[in-house]
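None of the values given here were measured: they were computed from a predicted structure. Every number for a ligand or one of its atoms is a count from 1 in the order of the listing.
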Amino acid sequence: MISIQEALDKREGKVKLHGWVYRERKSKQIVFIVLRDSSNIVQCIVKKDIVSEAEWNIAEKILIESAVEIEGEIKEDSRAPTGFEVNVKKLNLISMAEPFPINKDQSTEFLADNRHLWLRSRKMTAIMKVRSTIFGAIHGFFRGKGFYEYQSPMFQSIQCEGGSTLFKLNYFGSEVFLAQTWQLYAEPAIFALEKIYTLAPSFRAEKSKTSRHLTEYWHAEMEVAWEGFLELQDYAEDLIKFVFKKVLEVNKEELKILERDVSKLEPVIKKPFVRMTYTEALDILKKKNKMDVKWGKDLRTVEEDELVKNYDVPLIVTCYPKEVKAFYMKENPDNPKTVLGFDLLAPEGYGEIIGASEREVDLEKLKSKLEAEGEDLENYGFYLDTRKYGSVQHAGFGMGVERLISWICGLDNIKDAIAFPRTPLRYKP
Ligand code: 4AD
Ligand code: MG
């Protein structure tokens, strides 16, 4: 048994394949079956005068998504969908499918309800392959740079990214939260491992329905001791370039199936990312995009989307006003109204891919910021301990993996970047 791709690469001669019926068309003497496996599709021709009567009876009744084994001769045929055709000598039915509920032109709701079946589509298959490359590349990047893979708990006792998006759970009578980020549990580990990363789910009770938010998403996070804000920007840029290179190497076919304009991805690899401060970003928004943002206000999605239109590479926007960013971001010594944090914004309107910062090491500043947010310092005892026993400069970021996948694949909605998306309205199947 070989894969369909191996058969296509072989170009001629005997092949033995198995897979699922992707399409079928029947006439009196001939049945056309487009066979699908994980590697590709190929057209197979079953002729009444070649196969046995029993085999012909199967072919005549075969339905889409039935599982079959096929033996035959492959040869070039420019009319066939992938340029080759298999003349079937033997047909073995593994299982006959019931009439498949998904056919052409179905609503996105219907496809979402039948997600478990829709995963078989060429589009979803292609996306899942790119996703697999991306996960592998993220591991490869960090391991190549000497990072340890480290895991934090999903049940957490304190918040990190704001109370409004916490999923609260009853934990044997106590209230706990699902992880929004690994961060507060990662910082304690840099004192042991120094350079760490993870790839894990994060949860956000994000009520807004947008094309960029999931309630459960995969989060690639890193934390590094002894290094600071500038190194952090380099890590972010290098990581994205590394992932893009891998996908362009491995997934040319998938990007073609997804009709992704690859010329839009190339500048990301070839050109340096554009780095600017928040204040410079406001200036550019005013001059180039005719948008007035008052200093001190966070950039809204509309403003980010306008800003990135000026570039074909990601933007690293640094030094946001303190008020709009999280409590743990280090105060900028050159301008204490701002923090040493950045957002990495993708071109083409794919939004914020990475949130990052050097961490505040000043214990008193951390405490007063937490208090100002109404937090009970007692709960944060374990976290504040990190600043008491050999505190060192450190920094880290989190990258939304589905956002990255959406961008690379050119998806309209983040929901297609994951097999079973979770949103406020969608938790089934
Ligand atoms: O900017 P965020 O909230 O940063 C953190 O969580 C930091 N604690 C990370 C760190 O420093 N270790 O989230 C990081 C990234 C965002 O830039 C975005 O790409 C993604 O996570 N993200 C989401 N992706 C999908 N759906 C959501 N609801 C998301 N919320 C954030
Ligand atoms: Mg953010």
Using a strict 4.0 Å threshold on nitrogen-to-oxygen distance, state whether [X] and [Y] make a salt bridge.
X: K271; Y: E266; answer: no
X: E331; Y: K322; answer: yes
X: D312; Y: K270; answer: no
X: E223; Y: K195; answer: no
X: D416; Y: R115; answer: yes

Just to confirm my output: which protein heavy-atom neighbour is closest to [atom], and how far is it?
atom: atom 18 (C) of ligand 1; value: R403 NH1, 3.5 Å
atom: atom 11 (O) of ligand 1; value: R359 NH2, 2.9 Å
atom: atom 7 (C) of ligand 1; value: E161 OE2, 3.2 Å
atom: atom 12 (N) of ligand 1; value: E221 OE1, 2.7 Å
atom: atom 15 (C) of ligand 1; value: G398 O, 3.6 Å
atom: atom 31 (C) of ligand 1; value: Y217 OH, 3.3 Å

Looking only at N/O atoms, are [X] and ligand 1 under 3.5 Å apart anywhere?
X: H213; result: no
X: L214; result: yes
X: A356; result: no
X: I353; result: yes

Q) Using heavy atoms and a threshold below 4.0 Å, how should the contact between Y328 and ligand 1 be classified: side chain, backbone, both, or neither? A)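 Side chain only; the backbone of Y328 stays clear of ligand 1.
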(Q) Checking contacts here: is it the side chain or the backbone of T165 that comes within 4.0 Å of ligand 1, counting heavy atoms only? Could be both or neither. (A)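 Neither part.
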**Q.** Partners passing ring-ring contact (aromatic ring centres under 6.0 Å, His included) against F420 (at least two apart in sequence or in another chain)
**A.**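 Residues passing ring-ring contact (aromatic ring centres under 6.0 Å, His included) with F420: none at all.
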Using a strict 4.0 Å cut-off to heavy atoms of [X], name the atoms of ligand 1 that fall inside it.
X: Q183; value: 7 (C), 8 (N), 10 (C), 11 (O), 12 (N)
X: G396; value: 11 (O)
X: I354; value: 17 (O)
X: E206; value: 28 (N)
X: F397; value: 9 (C), 10 (C), 11 (O), 12 (N)

Side chains of [X] and [Y], donor plus acceptor under 3.5 Å:
X: Q183; Y: E187; result: yes
X: Y350; Y: R403; result: no
X: Q151; Y: T198; result: no
X: Q5; Y: D9; result: yes

Q. If you leave out waters, which protein N, O or S atoms are less than 2.8 Å from the Mg ion (ligand 2)?
A.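 The answer, once waters are left aside, is E352 OE2.
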Q) What distance do D376 atom CG and L370 atom CG have between them, rounded to the nearest 0.5 Å? A)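 So the gap between those two atoms works out to 10.0 Å.
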Q: Just grab all the ring-ring contact (aromatic ring centres under 6.0 Å, His included) pairs involving residues 150-190, residues at least two apart or on different chains.
A: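 Every ring-ring contact (aromatic ring centres under 6.0 Å, His included) pair that includes a residue of residues 150-190, provided the two are not neighbours, is Y150-W182, F155-Y171, Y185-F382.
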Q | Pairs flagged by ring-ring contact (aromatic ring centres under 6.0 Å, His included) wherever residues 234-293 is involved - sequence neighbours left out | A |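 Every ring-ring contact (aromatic ring centres under 6.0 Å, His included) pair that includes a residue of residues 234-293, provided the two are not neighbours, is F141-F242, F147-Y235, F244-W407, Y278-W295, Y278-Y320.
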Q | Option of least heavy-atom distance to atom 1 (O) of ligand 1 (set: R212, E352, K325, H219) | A |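 Comparing heavy atoms across R212, E352, K325, H219, the nearest one to atom 1 (O) of ligand 1 lies in E352.
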Q. Nearest to atom 13 (O) of ligand 1 by heavy atom, Q180, R204, E216, M399: which?
A.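 Checking each option, the heavy atom nearest atom 13 (O) of ligand 1 is found in R204.
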**Q.** R422 to Y427 six-membered ring, cation-pi geometry met (6.0 Å, 45°)
**A.**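 Judged by the rule (NZ or CZ under 6.0 Å from the ring centre, within 45° of its axis), R422 is not positioned above Y427.
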Q. Is any side-chain heavy atom of I45 less than 4.5 Å from a side-chain heavy atom of F32?
A.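 A side-chain contact exists here, since the closest heavy-atom pair is under 4.5 Å.
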